[in-house]
Amino acid sequence: MADAKKAVLGPLVAAVDQGTSSTRFLVFNPKTAEVLTYHQIEIKQEFPKEGWVEQDPKEILQSVYDCIEKTCEKLGQQSIAASNIKAIGVTNQRETTVVWDKLTGEPLYNAVVWLDLRTQSTVESLSKSISVSNNFVKTKTGLPISTYFSAVKLHWLISNVRKVQKAIEDSRALFGTIDSWLIWNMTGGINGGVHCTDVTNASRTMLFNIHSLQWDEELCSFFGIPMSILPRIRSSSEIYGLMKTGALEGVPISGCLGDQSAALVGQMCLQDGQAKNTYGTGCFLLCNTGQKCVTSEHGLLTTVAYKLGREEPVYYALEGSVAIAGAVVSWLKDNLQIIKASKEIEKLAEKVGTSYGCYFVPAFSGLYAPYWDPSARGIICGLTQFTNKCHIAFAALEAVCFQAREILDAMNRDCGIPLKHLQVDGGMTENKILMQLQADILCIPVMKPAMPETTALGAAMAAGAAEGVRVWSLDPKDLSVVQMEKFEPQINAEESEVRYSKWKQAVRKSMGWVMTETSDPSIFGSLTLGFYIVSSMMILIGARYI
């Protein structure tokens, strides 16, 4: 029986999917693109100060090893040998920044997560030093200077963590996004680990020239980053090295894509003009623009979509990034405690079927695309005595959809050809209320694949298609047809526009809340208050002599 199953299955491909909230390891059948089994482990986030978000790199790495072992055990329970796995792909949360000691393998500080806001004052200072007419950072990287990207996080680590400074002085420091940290360790770590990244992850650092596909000396100098600590840049589909430990020792690691690029590949958006939206901790809409860089005039990012082989061309994408999507549900659960589990939000929203004029702007980490306003903060407005937790739950789901609408509008203006439908993926797409709301607010159909693991699938496809592996064909005629669930708009366009314009009004109220200058804790820290007190003292002193 076991032999028969092995004969039918043939070679398998696995993928590490290391996200902000969890790590998973999945095994795919390349013939059908189906998941055979997987294991998932939740990852903790730490918030040492307001606006700071960190994770333990060693916990992340251990979660990967544990997921691999548990998944291989589950394969065994299905009478499938782990030796059928011929390649491993890696996909990861992007921009999250790690610096470690190459001689000890120890992280020199916690991973600074993409959502982290500690670099806001640095961003403002650097932005002032760049001419609007000659923004070489945006020209070379396709990115605005923002707390979002790795360069400013790395700049902060170098400036503020003595361990990092010392390791750089001693030529012991290595920098990487999560993919680099994982691949270095999985291929041997201190014993010959491969220090590399792929073009998609490199394009999120603000140190990478998306035209030359190389680290850029001018950018590194501008951000104060020594080039000696940067990983070697590779394509998204090639053998980087072999697993050195565990049940899959000797299996090649041959695919690497940042999570949003992986989802684009997994959704089979391999042609110019195809787009997908991923609903995870944040929300990310990517449109494949082919082999040409499209510069956005409406607040979107130009980024690398993928490069599926050393000799293959690079493909680019326009991206709209929303910081808070699934994270708003976690906030309702953990902070307000109006739900006990994330899936309960759908039941609450369903009870009322409307926000009853309540609008929620979850700008907990400022606003990303299309505004790029780090001073914005979350607000809930339009409250009345009638408003209850069900309306707030509905408004939270609506907020995710309104943010996606803003990005889709910007993308349509940049591309000139409006999307006729939107392909979606990510954990939140299990929420049918959310999917229907999204179709209603966009006024176009929303298409959800029956197999939701598109991010891991994209990494597996890249790994399986790599030269020296070749167990997964990326020829369009060989790709499995993805079965889709379709959500059609159920309200008229006029009603959608009214709700959307109200949302925009709420967004404007959320902006400009935070001033980043360090406030003086003394009583004279406020100019207005200080002036008032000094004036009052002068009047009192003068009164004594009148």
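Starting from 1, each residue takes its place in the sequence as its number.
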Ser125 side chain to Ser121 backbone, donor-acceptor under 3.5 Å:
no
Output, in order, the C-alpha distance, side-chain angles, deciding distance and verdict of side-chain hydrogen bond (donor to acceptor under 3.5 Å, both in side chains) for Asp17 and Thr91.
CA-CA 5 Å; Asp17 182 357; Thr91 181; 4.9 Å; no
Please state whether the rings of His391 and Phe386 are parallel, tilted or perpendicular, taking 30° and 60° as the class boundaries.
tilted
Roughly how far, to the nearest 0.5 Å, is the CD1 atom of Ile345 from the CZ atom of Phe394?
10.5 Å
For the student: nearest non-hydrogen atoms of Leu182 and Val64, plus distance:
CD2-CG2, 3.8 Å
Any luck finding a side-chain donor-acceptor pair between Ser236 and Thr200 under 3.5 Å?
no
Trp215 side-chain N/O to Leu207 backbone N/O, donor-acceptor pair under 3.5 Å
no
Verify side chain to side chain contact (heavy atoms under 4.5 Å, CB included) between Glu494 and Glu497, making sure each step is shown before the conclusion.
CA-CA 5 Å; Glu494 290 76 14; Glu497 285 301 321; 5.8 Å; no
Before accepting this row, confirm whether a basic side-chain N of the pair Glu398/Arg405 lies closer than 4.0 Å to the acidic partner's carboxylate O.
no
If the plane angle is over 60° it's perpendicular, under 30° parallel, otherwise tilted; pick one for Phe402 and Tyr500.
parallel
Please check if the number of heavy atoms outside Tyr356 that lie under 6.0 Å from its OH is greater than 12.
no
Quick check: do Phe136 and Asp216 have side-chain heavy atoms less than 4.5 Å from each other?
no
Check whether any side-chain N or O of Tyr371 sits under 3.5 Å from a backbone N or O of Ala376 as a donor-acceptor pair, and report yes or no.
no
Do the side-chain N and O atoms of Asn288 and Tyr306 include a donor-acceptor pair separated by under 3.5 angstrom?
yes
If only side-chain N and O atoms count, and only distance matters, is there a donor-acceptor pair under 3.5 Å linking Gln260 with Thr278?
yes
I'd like to know if Arg94 and Glu319 make a salt bridge, using a cut-off of under 4.0 Å between side-chain N and carboxylate O.
yes
Could you check if a side-chain atom of Asp259 sits within less than 4.5 angstrom of a side-chain atom of Asn92, using non-hydrogen atoms only?
no
Are the side chains of Ser342 and Lys333 in touch, meaning some heavy atoms are under 4.5 Å apart?
yes
Identify the two heavy atoms, one from Ala325 and one from Cys283, that lie closest to each other, and give their separation to 0.1 Å.
CB-CB, 3.7 Å
I want to check something: taking the side chain as every heavy atom from C-beta on, are Leu422 and Leu285 in contact at a cut-off of under 4.5 Å?
yes
Would you indicate whether the side-chain heavy atoms of Phe223 and Phe149 approach each other to under 4.5 Å?
no
Would the distance check show the side chain of Gln165 and the main-chain N or O of Ser159 forming a donor-acceptor pair, the cut-off being under 3.5 Å?
yes
Would you give the length of the straight line joining atom NE2 of His421 to atom CG of Leu442, rounded to the nearest 0.5 angstrom?
12.0 Å
Rounded distance [0.5 Å steps], CD1 in Ile43 versus CZ in Arg24
12.0 Å
Qualifying side chain to side chain donor-acceptor pair (under 3.5 Å) pairs, either residue in residues 217-229, two or more places apart:
Lys140-Glu218
Sequence neighbours left out, what pairs pass salt bridge (Lys or Arg N to Asp or Glu O under 4.0 Å) with at least one residue falling in residues 108-119?
Glu54-Arg118, Asp116-Arg118
State whether the side chain of Thr141 and the backbone N or O of Val137 hold a donor-acceptor pair below 3.5 Å, judged by distance alone.
yes
Can you check side chain to side chain contact (heavy atoms under 4.5 Å, CB included) on His298 and Glu406, steps first, answer last?
CA-CA 10 Å; His298 302 96; Glu406 288 197 294; over 6 Å; no
Are Lys307 and Asp198 close enough that some pair of their side-chain heavy atoms sits under 4.5 Å apart?
no
Spacing of Thr429 atom OG1 and Gln423 atom CD [to the nearest 0.5 Å]:
12.5 Å
Check the pair Ile229 / Leu154 against side chain to side chain contact (heavy atoms under 4.5 Å, CB included), numbers first and verdict last.
CA-CA 11 Å; Ile229 70 174; Leu154 184 51; 4.1 Å; yes
Between CG of Leu219 and CD of Gln214, what distance do you get to the nearest 0.5 Å?
12.5 Å
Is the Trp114 to Phe284 ring centre distance short of 6.0 Å?
yes
Please check: side-chain N/O of Thr23 versus main-chain N/O of Ile41, any donor-acceptor pairing under 3.5 Å?
no
Would you compute the distance between atom CD1 of Ile441 and atom CD of Gln436 and round it to the nearest 0.5 angstrom?
10.5 Å
Do you know the tightest heavy-atom contact between Thr302 and Cys293?
CG2-SG, 4.0 Å
Check whether any side-chain N or O of Asn431 sits under 3.5 Å from a backbone N or O of Lys343 as a donor-acceptor pair, and report yes or no.
no
I'd like to check Ile233 versus Cys196 (side-chain heavy atoms, cut-off strictly below 4.5 Å). Are they in contact?
no
Tell me yes or no: between the side chains of Arg499 and Tyr359, is some donor less than 3.5 Å from an acceptor?
no
Grab the two heavy atoms, one from Thr20 and one from Gln55, that are nearest each other, plus how far apart they are.
O-NE2, 2.6 Å
Donor-acceptor pair, side chain of Thr119 and main chain of Thr122, under 3.5 angstrom:
no
Where Gly320 and Leu300 come nearest, the two heavy atoms and their spacing:
CA-CD2, 3.7 Å
Indicate yes or no: at least one non-hydrogen side-chain atom of Ile444 is less than 4.5 angstrom from one of Lys420.
no
Would you check if the side chain of Asp414 reaches a backbone N or O of Glu297 as a donor-acceptor pair within less than 3.5 Å?
yes
Going by side chain to side chain contact (heavy atoms under 4.5 Å, CB included), Thr96 matches just one of Ile60, Val113, Val112. Which one?
Val113
Assess the residue pair Thr454 and Gln267 against the criterion (side-chain hydrogen bond (donor to acceptor under 3.5 Å, both in side chains)); give the C-alpha distance rounded to whole Å, side-chain angles, the decisive distance to 0.1 Å, and a yes or no.
CA-CA 6 Å; Thr454 52; Gln267 284 266 32; 4.7 Å; no
Yes or no on side chain to side chain contact (heavy atoms under 4.5 Å, CB included) for Tyr368 and Asp373, after CA distance, side-chain angles and deciding distance?
CA-CA 7 Å; Tyr368 283 12; Asp373 180 4; over 6 Å; no
Verify whether one side chain among Thr303 and Arg204 offers a donor that lies under 3.5 Å from an acceptor in the other.
yes
Kindly say whether Thr147 contributes a backbone atom to a donor-acceptor pair with the side chain of Lys153 at under 3.5 angstrom?
yes
Closest heavy-atom pair, Pro57 versus Trp181, reported as atoms and distance to 0.1 Å, is O-NE1, 2.9 Å
